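Just so you know, these numbers come straight off a predicted model, no measurement behind them.
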Amino acid sequence: MVRATRKSETPLAIGFRVFENDTLLTHNGKLHVRYKDGTFIELSDESAIRAERIRYRYDRHDEIVFRFLRGVLRVVSPKQEATKFYTVKTSHATAQVSANSEFFLLQPHEDRDLTVGVLKGKVELMSEVTNNFIEVTAGTAAVVKLSGLVSSVGSFRASQVQHLRDRTRL
């Protein structure tokens, strides 16, 4: 992890707190971050995200915005309320969640396309280049190309889901 105030990598341990502008990196391992309301994120090896905005009210978050830099990210929001939302941004796309959900984001280091696969709930996926968006519902996936093209890629196969869970789950 790179703490925003230090600019150097710090090994993480159980109970480590994540603050705004912290960057979480994995090199040869996986990372699991759980919030008090039950929401959690998991990163596979060679992945990176930065916590851009975290707002809490009454011991729960109202807004979380992460910048997804690369790799494979799994997000599970089991108790999402209508008054709060979860956003993941990349260099050319935004994924926003406002209901209970479970989804994966995939963007390998050399690849510029972002793939979003939703297992539960729905995610609004928008291109920052063209402002086109698509609603990705449970069991389906969509891709955003660097050019701005947003398109559905159909449903997830069970083998694809298991592969992604194996890559992120501790």
Quick one: [atom1] on [X] to [atom2] on [Y], what's the gap to the nearest 0.5 Å?
{"X": "Thr94", "Y": "Lys89", "atom1": "OG1", "atom2": "NZ", "result": "5.5 Å"}
{"X": "Arg169", "Y": "Arg74", "atom1": "CZ", "atom2": "CZ", "result": "6.0 Å"}
{"X": "Glu128", "Y": "Ser91", "atom1": "CD", "atom2": "OG", "result": "9.5 Å"}
{"X": "Leu24", "Y": "Ile49", "atom1": "CG", "atom2": "CD1", "result": "4.5 Å"}
{"X": "Thr130", "Y": "Leu149", "atom1": "OG1", "atom2": "CG", "result": "8.0 Å"}
{"X": "Gln160", "Y": "His163", "atom1": "CD", "atom2": "NE2", "result": "9.5 Å"}

Short N-O contact, Glu42 and Lys30, less than 4.0 angstrom: no

Under 4.5 Å between any side-chain heavy atoms of Glu46 and His27, yes or no? yes

Taking all non-hydrogen atoms of both residues into account, name the closest pair between [X] and [Y] and its distance.
{"X": "Leu125", "Y": "Ala142", "answer": "CD2-CB, 3.9 Å"}
{"X": "Val118", "Y": "Phe156", "answer": "N-CE1, 3.7 Å"}
{"X": "Gln107", "Y": "Asp113", "answer": "CG-O, 3.5 Å"}
{"X": "Val18", "Y": "Val33", "answer": "CG2-CG1, 4.3 Å"}
{"X": "Ala95", "Y": "Val123", "answer": "CB-CG1, 3.7 Å"}
{"X": "Val116", "Y": "Val136", "answer": "O-CG1, 4.2 Å"}

Donor-acceptor pair, [X] side chain versus [Y] backbone, under 3.5 Å?
{"X": "Thr90", "Y": "Phe68", "value": "no"}
{"X": "Thr26", "Y": "Ser47", "value": "yes"}
{"X": "Arg53", "Y": "Phe66", "value": "no"}

Test of understanding: clusters of I, L, V, M, F, W, Y form through side-chain heavy atoms closer than 4.5 Å, transitively. Do [X] and [Y] belong to the same one?
{"X": "Ile134", "Y": "Val88", "result": "yes"}
{"X": "Phe103", "Y": "Leu31", "result": "yes"}
{"X": "Leu164", "Y": "Leu43", "result": "no"}
{"X": "Val72", "Y": "Leu119", "result": "yes"}

List in chain and number order the residues that pass side-chain hydrogen bond (donor to acceptor under 3.5 Å, both in side chains) with Lys120, two or more places apart in sequence or in another chain; answer none if no residue qualifies. none

By side-chain hydrogen bond (donor to acceptor under 3.5 Å, both in side chains) - contacts of Arg50 (at least two apart): none

Take Val144 and His92 through the test side-chain contact (heavy atoms from CB on, under 4.5 Å) and record every step on the way to the result. CA-CA 8 Å; Val144 178; His92 62 287; 3.7 Å; yes

Set out, in order, the CA-CA distance, both residues' side-chain angles and the distance that settles side-chain contact (heavy atoms from CB on, under 4.5 Å) for Ile41 and Val75, then state yes or no. CA-CA 5 Å; Ile41 61 172; Val75 179; 3.9 Å; yes

Is the number of heavy atoms from other residues, nucleotides or ligands within 6.0 Å of CZ (Phe133) greater than 12? no

Should the pair Phe40 and His32 be assigned to parallel (<30°), tilted (30 to 60°) or perpendicular (>60°) ring geometry? parallel

For Arg34, salt bridge (Lys or Arg N to Asp or Glu O under 4.0 Å) partners two or more places apart: none

